There are 2 protein chains.
Amino acid sequence: MKSNSDKNIELKAMPSSQANVMLCKGCTLDPLCHPNTLDKKTVDDLDSVFNRGVMYSKGEYIYHQGETFDAVYVVRSGSLKTYAITSGGEEQITNFYFATELTGLNGLNTKVYPVSAVALETTTVCKIPFSNVEELSLKLPELRENLYSTIGKELDSFQEMILTLSKKNAEERVATFLMNLSCRYKKRGFSASSFRLTMSRSEIGNFLGLAVETVSRVFSKFQKQSLIKAEGREIEILDPSRLAVMSGGMASEGAHAAQ
Amino acid sequence: MKSNSDKNIELKAMPSSQANVMLCKGCTLDPLCHPNTLDKKTVDDLDSVFNRGVMYSKGEYIYHQGETFDAVYVVRSGSLKTYAITSGGEEQITNFYFATELTGLNGLNTKVYPVSAVALETTTVCKIPFSNVEELSLKLPELRENLYSTIGKELDSFQEMILTLSKKNAEERVATFLMNLSCRYKKRGFSASSFRLTMSRSEIGNFLGLAVETVSRVFSKFQKQSLIKAEGREIEILDPSRLAVMSGGMASEGAHAAQ
DNA sequence: CGGCGGCTTGACTGGTATCAAGTACCGTGG
DNA sequence: CCACGGTACTTGATACCAGTCAAGCCGCCG
């Protein structure tokens, strides 16, 4: 019942300034949005440049694979997935992103987004033109530090994923995935043991390199073993420590998605 | 016969300044080493700070997993692998790096290298303290641009790897790997069709998430199909287009390791 | 010469994909 | 309100790819 949709409703009912303060707390690029070291004029400039808190419905695109890279996005509420279409025409999900996490950095190399980003539910994001990030990061060492750290987390996350895909079996992958979600929810002040998945079994399978049926079977098996309780997308982690062991002990830390 | 060891010998025989010029041409962080926009004093500073062209023998470590992150490294000749030791104590190779490629960026998040880097053959690298990269990137937009692009390539490379691991079978993985190497060698002015592997079958298997035996079998099969000729580590690509098709068409571009 | 590590090949096994069927759920429209 | 269709999910049966075990070859080095 810690679903983010509750959050969205709350958000809509609030004056936007208040919502900003609430959600930007702990945001990676907070200095960009609330630069207390900058003068009034600059702040006003920012306000006009940033697209703070644009709302997307489930299935709507934040950016498309192939589009020119010009901005990064901070998730303020909700969640999204990024995926690439392979030459074979299949979808490959590369990551999921939740509130406070930053997406879009992959465009850094080719200046074109190598993936598309789609909202998994009603989701709000802040669009931040990359030129501004660059420019401001020259002035604000704190922000620069955050940017590097965020990039590092994204790299870590991918490396962790490579490890998962090349060394772990189906059960270990699913356990890793659940522990990772649990960890990320906890960091955001939600329950670590009880949450609602915002993605389908099929999307989990795609992400983890498993068939839908396999994901489903593992969920069932975990349930029989009293590791979790799963009713549709509602998940309860009954035995976190045992699940952590199953995951190969690599579910912790800041892995998967930049915070 | 385009082996890098020839290169090393050549290098040693040359006056070091000349060697620098030759190898730094096309180097990602060239502006850091030859900053023509900076005054003489600064250049002298750089000379004292940078560790240009340190040589490592096969098996020697450039940096260790867990060490404090303080520098990035540009490979000048030879090659190296980076790997993490998992909680289960297994080795997971995360990438290979060749001349002109940059490694060490993964430490950006935790300020600690999440992997170890080991020379696969006689290898020279330039050690560049990250504080210098940061500092100079503030002054040199060109360098900053390069840095971002390099980071982006590393992200691309990992994403590509995730795709390979979660969607491709053994043959596609090996084909992808060979095409990728071919592409990278070509970019460096070596033959795209004929080269010597600097890593063992076992290391290829580890990297691709396959057993050694599987790698060996795929090499044999490719040979029977006249796709390649493989004599130990000496590889000749006989039918690049067919191999590219086998790889799932995703072997191209700047994927795998930052240039 | 013998030993050892890297590589190859064969036989067998097992985990996961695939195919197939059935159920539950949800939004839509009557 | 219910009927309907579609999607998401589950579960079972079967097939196959790749891992594991085992044996042998080759080249290198002590």
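What you see is a predicted model; the values in this text were computed from it and never measured. Below, chains carry the letters A, B, ... as their sequence lines are ordered, and counting in each starts from 1.
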Rounded distance (Å) that lies between atom P of dC26(C) and atom NZ of Lys58(A): 11 Å

Atom-pair distance (CG on Leu197(B); P on dG6(C)), nearest Å: 15 Å

Distance, rounded to the nearest Å, where Asn169(A) contributes CG and dA17(C) contributes C1': 15 Å

Touch class at under 4.0 angstrom, heavy-atom based, for Gly205(A) against every strand present: nothing

Donor-acceptor side-chain pairing of Lys58(B) and Thr122(B) below 3.5 angstrom: no

Polar contact flag, side-chain donor to acceptor under 3.5 angstrom, Glu91(B)-Asn206(B): no

Residue list, salt bridge (Lys or Arg N to Asp or Glu O under 4.0 Å) with Glu203(B), at least two apart or on another chain: Lys81(B)

Distance, rounded to the nearest Å, where Glu234(A) contributes CD and dA24(C) contributes C1': 16 Å

Side-chain H-bond candidate by donor/acceptor type, Ser182(B) with Asn180(B), under 3.5 Å: no

Enumerate the protein-to-nucleotides 7-10 of chain C contacts in which both atoms are nitrogen or oxygen and the separation is below 3.5 Å.
unit_1	atom_1	unit_2	atom_2	d
dC7(C)	OP1	Arg233(B)	NE	3.2
dC7(C)	OP2	Arg201(B)	N	2.9
dT8(C)	OP1	Arg201(B)	NH2	3.3
dT8(C)	OP2	Arg201(B)	NE	2.9
dT8(C)	OP2	Ser216(B)	OG	2.8
dT8(C)	O5'	Ser216(B)	OG	2.9
dT9(C)	OP2	Ser220(B)	OG	2.2
dG10(C)	N7	Arg217(B)	NH1	2.9
dG10(C)	O6	Arg217(B)	NH2	3.4

Nearest-angstrom distance from the residue atom CD of Glu231(A) to C1' of dA24(C): 13 Å

Any side-chain donor near an acceptor of the partner, Thr82(A) and Tyr63(A), under 3.5 Å: no

Spacing between Glu90(A) atom CD and dA17(C) atom P, to the nearest angstrom: 13 Å

Arg201(A) to Phe219(A) six-membered ring, cation-pi geometry met (6.0 Å, 45°): yes

Rounded interatomic separation in angstrom, taking CZ from Arg196(B) and P from dG6(C): 14 Å

Atom pair distance, as rounded to whole Å: CG in Asn206(B) and P in dG19(D): 12 Å

